[in-house]
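These notes are about the structure you will find just below.
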Amino acid sequence: MIFTIFKKELKDTLRDRRTIIAMIVIPVLVFPLILGIITKVSSSFEEKQKEEVFNIALITEDPSNEFVMQLSAIPDSLGPKKLKFYSDTTGISKEIAQDSIQLGIVIPSNYNELKESNEQMNISVILNETNLGTRDRVKKYLDIIEDNLMQERFDKLSLDRKLTEPLVVSYVNLASSKEMIGKIAGGILPYLFIIFGFIGCLYPAIDLFTGEKERKTLETLLTTPVQRWKILVGKMMVVVLSGIAAATFALVGLFLSLEVFELVENPMILEVVSSILSVQFILSLYILLIPLTIFFAGVMIPVTIYAKSFKEAQSILTPVNFIIILPAMVGFIPGIELDYITALIPIVNIVLASKELVAGTLGFDLMAISFLTMVVFAAISVMVSYRRFGKETNIIN
């Protein structure tokens, strides 16, 4: 009987356009869209940086000093530049604000004398740091000039440059590329899977309960000689399946982004993410997502039973969405790791466990605790749904 109800409700759900969009279309498209936009924007920014001519205002009384000569000698491989000479800083700020020049460099009037006497020279750089890349580009210029000056001083004093480098430090990173990406950026994958799982449950839950009330068919359904818990379980199975399907199609979208559209060009990231999409990873992810999705369904069903209209159910569940998003964002916070305490916090434990799963560092004990914790919370939410579903006041308006 439960399976009969499940099949009937599943057919009705698959006829709903909103459910199909939330469960299939959006999850499949989100990864190609995100990766496509990021790739296009970053490539465009890099190209713009390479081609953009830097108008540099040099504030100096001696346009032929050594600094100007060394700056002019820097090749345009770092980006083309055009030097303009000013006697003072009057109007520099206004020109930078108007973007007629990108930065100003104030050079000491006695630069050559200070250089010859091996003294320290103070260089002031005027720029607008809201123009991304400006600071990095001028730093590259100044690093080259400083390196040349250092080498000249060592040659003049007949000294070995190693005298100023008493330590040569080599860092041996024991973490694999997979662990690095998992720890740094691994929070985005579980976050998206959890959000899609929630959204995938949302519309079917509203349609199967509030929708039945709006269509005046719930009363008829309850007059059939079928126990109410069987009706509840049949409907809940459709809601859970919709959430799991949304997360699954998000995985499909990630696969299409990598293998079909080839939106990721970085070979290291491509190798790591491709290794993530293994059978073991997907099965482990489902083990974590299934009780979480049941928990989502158990939270939504009492609300959709209580609501008198589709609009009312949406307005009530929208704040619930934010309550789900906040703990899901824990994966982005550095320093918070999965341990015996966080493994007991619902949603947070799944986010952190999924993050460890991406990095390949998830221990069986913490995974088991996270799984069992969500099973307990899922069971509680199902019991609450059952109690609400059994109340006549919530079913009949």
Side-chain angles (χ1 to χ4, degrees), residues 171-201 236 239-240 243-244 246-248 250-251 254 272-273 275-302 319-386:
Y171 293 94
V172 180
N173 186 5
L174 298 179
S176 64
S177 300
K178 184 176 180 180
E179 289 175 317
M180 291 293 294
I181 293 177
K183 292 293 184 181
I184 296 172
I188 185 66
L189 289 177
Y191 173 79
L192 289 174
F193 290 140
I194 287 171
I195 295 303
F196 284 131
F198 183 87
I199 294 174
C201 293
M236 183 175 280
V239 177
V240 173
I244 295 295
T248 301
L251 273 174
L254 180 59
V272 171
V273 178
S275 67
I276 287 172
L277 296 177
S278 62
V279 175
Q280 182 181 355
F281 170 82
I282 294 172
L283 291 177
S284 300
L285 183 65
Y286 278 127
I287 290 173
L288 295 172
L289 287 179
I290 288 173
L292 178 67
T293 310
I294 295 173
F295 172 71
F296 287 160
V299 170
M300 292 179 188
I301 287 172
V320 177
N321 192 11
F322 289 106
I323 295 172
I324 298 299
I325 287 174
L326 288 176
M329 293 180 68
V330 168
F332 296 106
I333 303 174
I336 299 181
E337 303 287 342
L338 184 68
D339 53 31
Y340 292 107
I341 295 176
T342 53
L344 298 174
I345 305 174
I347 303 178
V348 171
N349 54 6
I350 302 300
V351 173
L352 296 177
S354 301
K355 187 176 178 180
E356 298 287 339
L357 187 62
V358 172
T361 57
L362 179 60
F364 177 78
D365 53 343
L366 292 176
M367 180 177 177
I369 294 171
S370 301
F371 174 78
L372 293 174
T373 299
M374 283 314 308
V375 168
V376 171
F377 277 91
I380 294 172
S381 68
V382 171
M383 288 301 299
V384 172
S385 297
Y386 174 71

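All heavy atoms count here, side chains included; hydrogens, waters and symmetry mates do not. Position 1 is the first residue of the sequence, and the numbers go up from there. For clarity, every value in this text was computed on a predicted model and none was experimentally measured.
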Intermediate values then yes/no, side-chain contact (heavy atoms from CB on, under 4.5 Å), E337 and K355: CA-CA 9 Å; E337 303 287 342; K355 187 176 178 180; 5.7 Å; no
message: Assess the residue pair L292 and I347 against the criterion (side-chain contact (heavy atoms from CB on, under 4.5 Å)); give the C-alpha distance rounded to whole Å, side-chain angles, the decisive distance to 0.1 Å, and a yes or no.
response: CA-CA 7 Å; L292 178 67; I347 303 178; 4.0 Å; yes
- request: Assess whether side-chain contact (heavy atoms from CB on, under 4.5 Å) is satisfied between M367 and L288, documenting all intermediate values.
  value: CA-CA 8 Å; M367 180 177 177; L288 295 172; 4.2 Å; yes
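Taken to the nearest 0.5 Å, the CD1 atom of I287 stands 15.0 Å off from the CE atom of M374. Between I336 atom CD1 and L338 atom CG the span is 11.5 Å, to the nearest 0.5 Å. With rounding to the nearest 0.5 Å, the separation of CD1 in I195 from CE in M329 is 9.0 Å. Summarising the geometry, atom CD1 belonging to I369 is positioned 8.0 Å from atom CG belonging to L372; distances are rounded to the nearest 0.5 Å. Note that the OG atom of S284 and the CZ atom of F371 stand 11.5 Å from one another [nearest 0.5 Å].
Nearest approach of F377 to L344, heavy atoms of both residues: CE1-O, 4.4 Å. The two atoms that bring A378 and P291 nearest to each other are CB-O, 3.5 Å, heavy atoms only. Taking both residues in full, the closest heavy atoms of V348 and P327 are given as CG2-CB, 3.6 Å, listed atom of the first, atom of the second, then distance. Listed here is the closest heavy atom pair of S354 and L285: OG-CD1, 3.9 Å. When every heavy atom of F196 is checked against every heavy atom of A250, the shortest pair comes out as CD1-CB, 3.6 Å. Of all the heavy atoms in M236 and V382, the pair that sits closest is SD-CG2, 3.8 Å.
Environment of CD1 in I341: sparse, with no more than 12 heavy atoms of neighbouring residues, nucleotides or ligands closer than 6.0 Å.
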Pairs under 3.5 angstrom only: tabulate donor-acceptor contacts from the side chains of residues 295-302 to other protein residues two or more places apart or in another chain.
none

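With sequence neighbours left out, the side chain to side chain contact (heavy atoms under 4.5 Å, CB included) criterion links V376 to I380.
Counting only heavy atoms from C-beta outward, the side chains of T293 and C201 approach each other to under 4.5 Å. Contact annotation: the side chain of L366 never approaches that of E356 to less than 4.5 Å [non-hydrogen atoms, C-beta and beyond].
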